[in-house]
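Small disclaimer: the values here were computed from a predicted structure and weren't measured.
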Amino acid sequence: MNNTHSNLTKWSFASRFFHWISAILLLITWTMIFLYDNLDSKLYIGLHKAFGVSLLFWMIARVINRLFSKAPPAVVMPKWQMLLSQLSHFALYALLIAMPIAGLLMSLYGGRPVDIFGIFQIPVFVTPDRGLARLFNDWHTDIIWPMIIAFTVLHIGAALYHQFVKKDNLIARIK
């Protein structure tokens, strides 16, 4: 392993910070919906929504950061792997933005404002519509959710493949 190589290929501090906070926010959001589904308390659905909206704003800031930060040199890999890597990263970003938008629209079209940690509320600014609320619920839970799981597993699996099979120290770039 070449130390100068790993120093040259590290993502910027801001990019690494955005990456790991995104992962933590996603994990917390998942935990809140798991607790809501398994415990008899409305507290967790409120926290799920607040963390979900936080993830939305975080991802918007992350995209802005990504547009202005230079990517480290690409790791040497076959073209098809590079293309798959780029497409899967794009999909993860898109899904992590689409998921909270669908959840927010589900609540708003359901006539429910979204409380953000008791600090402020996103008011119902649309005409409530049960059909649209159901549509966004279906997207949120039946379409986007399984896709986030699939792309997250792919992302982690690829990182572990690089770390333990290819042994190219790819994970060091994001640590």
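Residue Val153 is not grouped with residue Leu87 when hydrophobic side chains (ILVMFWY) are merged at heavy-atom distances under 4.5 angstrom, including chains of intermediate members. In the hydrophobic cluster analysis, where Ile, Leu, Val, Met, Phe, Trp and Tyr join through side-chain heavy atoms closer than 4.5 angstrom, Met99 is grouped together with Val63. Cluster membership check: Phe90 does not share its hydrophobic cluster with Phe68, using side-chain heavy-atom separations under 4.5 Å among Ile, Leu, Val, Met, Phe, Trp and Tyr. Hydrophobic clustering, with ILVMFWY side chains joined whenever heavy atoms are under 4.5 angstrom apart, groups Leu27 together with Leu43. In the hydrophobic cluster analysis, where Ile, Leu, Val, Met, Phe, Trp and Tyr join through side-chain heavy atoms closer than 4.5 angstrom, Leu170 is grouped apart from Phe164.
Trp20 belongs to a hydrophobic cluster whose other members, connected by ILVMFWY side-chain contacts under 4.5 Å either directly or through intermediates, are Trp11, Ile174.
Atom CG of residue Leu95 and atom CD1 of residue Ile101 lie 11.5 Å apart, to the nearest 0.5 angstrom. Rounding to the nearest 0.5 Å gives a distance of 11.5 Å between CE of Met147 and CG of Leu154. To the nearest 0.5 angstrom, Leu135 atom CG is 9.5 Å from Leu105 atom CG. Between the CZ atom of Phe18 and the CZ atom of Arg66 there is a distance of 12.5 Å, given to the nearest 0.5 Å. How far NZ of Lys175 is from NE2 of His19: 13.0 Å, rounded to the nearest 0.5 Å.
With sequence neighbours excluded, the residues forming a ring-ring contact (aromatic ring centres under 6.0 Å, His included) with Phe13 are Phe17, listed by chain and number. The side chain to side chain donor-acceptor pair (under 3.5 Å) search around Asn65 returns Ser15, not counting sequence neighbours. Residues passing the side chain to side chain contact (heavy atoms under 4.5 Å, CB included) test with Met82 are Ala74, Met77, Gln86, sequence neighbours excluded. Not counting sequence neighbours, the partners of Ser22 by the side chain to side chain donor-acceptor pair (under 3.5 Å) test are Trp58, Arg62. Applying the side chain to side chain contact (heavy atoms under 4.5 Å, CB included) test to Phe120 and every residue at least two apart in sequence or in another chain returns Ile116, Ile122. For Ser88, there are no side chain to side chain donor-acceptor pair (under 3.5 Å) partners two or more places apart in sequence or in a different chain. The side chain to side chain contact (heavy atoms under 4.5 Å, CB included) check on Gln163 picks up Asn169, Ile171, with sequence neighbours excluded. Taking the side chain to side chain contact (heavy atoms under 4.5 Å, CB included) definition, one finds that Pro146 meets it with nothing, sequence neighbours left out.
Minimum interatomic distance between Ile144 and Ala102 (heavy atoms only, all atoms of both residues): CD1-CB, 4.0 Å. Taking each heavy atom of Thr9 and Arg173 in turn, the nearest pair found is O-CG, 3.1 Å.
The local environment of CZ in Phe34 is sparse, with at most 12 non-hydrogen atoms from other residues, nucleotides or ligands closer than 6.0 Å. Around atom NZ of Lys166, more than 12 heavy atoms belonging to other residues, nucleotides or ligands sit under 6.0 Å away. The 12-atom threshold is not exceeded at OH of Tyr36, counting heavy atoms of other residues, nucleotides or ligands nearer than 6.0 Å.
Side-chain contact between Phe125 and Leu108: present, with at least one pair of heavy atoms (C-beta onward) separated by less than 4.5 Å. By the 4.5 Å heavy-atom criterion applied to side chains, Leu47 and Phe117 are counted as neighbours. Two residues are said to be in side-chain contact when any heavy atoms from C-beta on lie closer than 4.5 Å; Ile33 and Ile45 meet this criterion.
The main-chain N or O of Phe151 is never found under 3.5 Å from a side-chain atom of His155 such that the two would form a donor-acceptor pair.
Listed by first then second residue, pairs satisfying side chain to side chain donor-acceptor pair (under 3.5 Å) with a partner in residues 124-142 number zero, not counting sequence neighbours. Note on residues 115-125: no pairs pass side chain to side chain donor-acceptor pair (under 3.5 Å), not counting sequence neighbours.
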Checklist entry - Please walk me through it: do Phe136 and Leu104 pass side-chain contact (heavy atoms from CB on, under 4.5 Å)? => result CA-CA 9 Å; Phe136 286 115; Leu104 181 60; over 6 Å; no

Next on the checklist: Run Leu26 and Leu96 through side-chain contact (heavy atoms from CB on, under 4.5 Å) and show every step you take.
Outcome noted: CA-CA 9 Å; Leu26 185 58; Leu96 291 172; 3.8 Å; yes

Please report, to 0.1 Å, the donor-acceptor pairs under 3.5 Å made by any side chain of residues 48-57, with sequence neighbours excluded.
unit_1, atom_1, unit_2, atom_2, d
His48, ND1, Thr29, O, 3.0
Lys49, NZ, Ser107, OG, 3.1
Ser54, OG, Ala50, O, 2.8

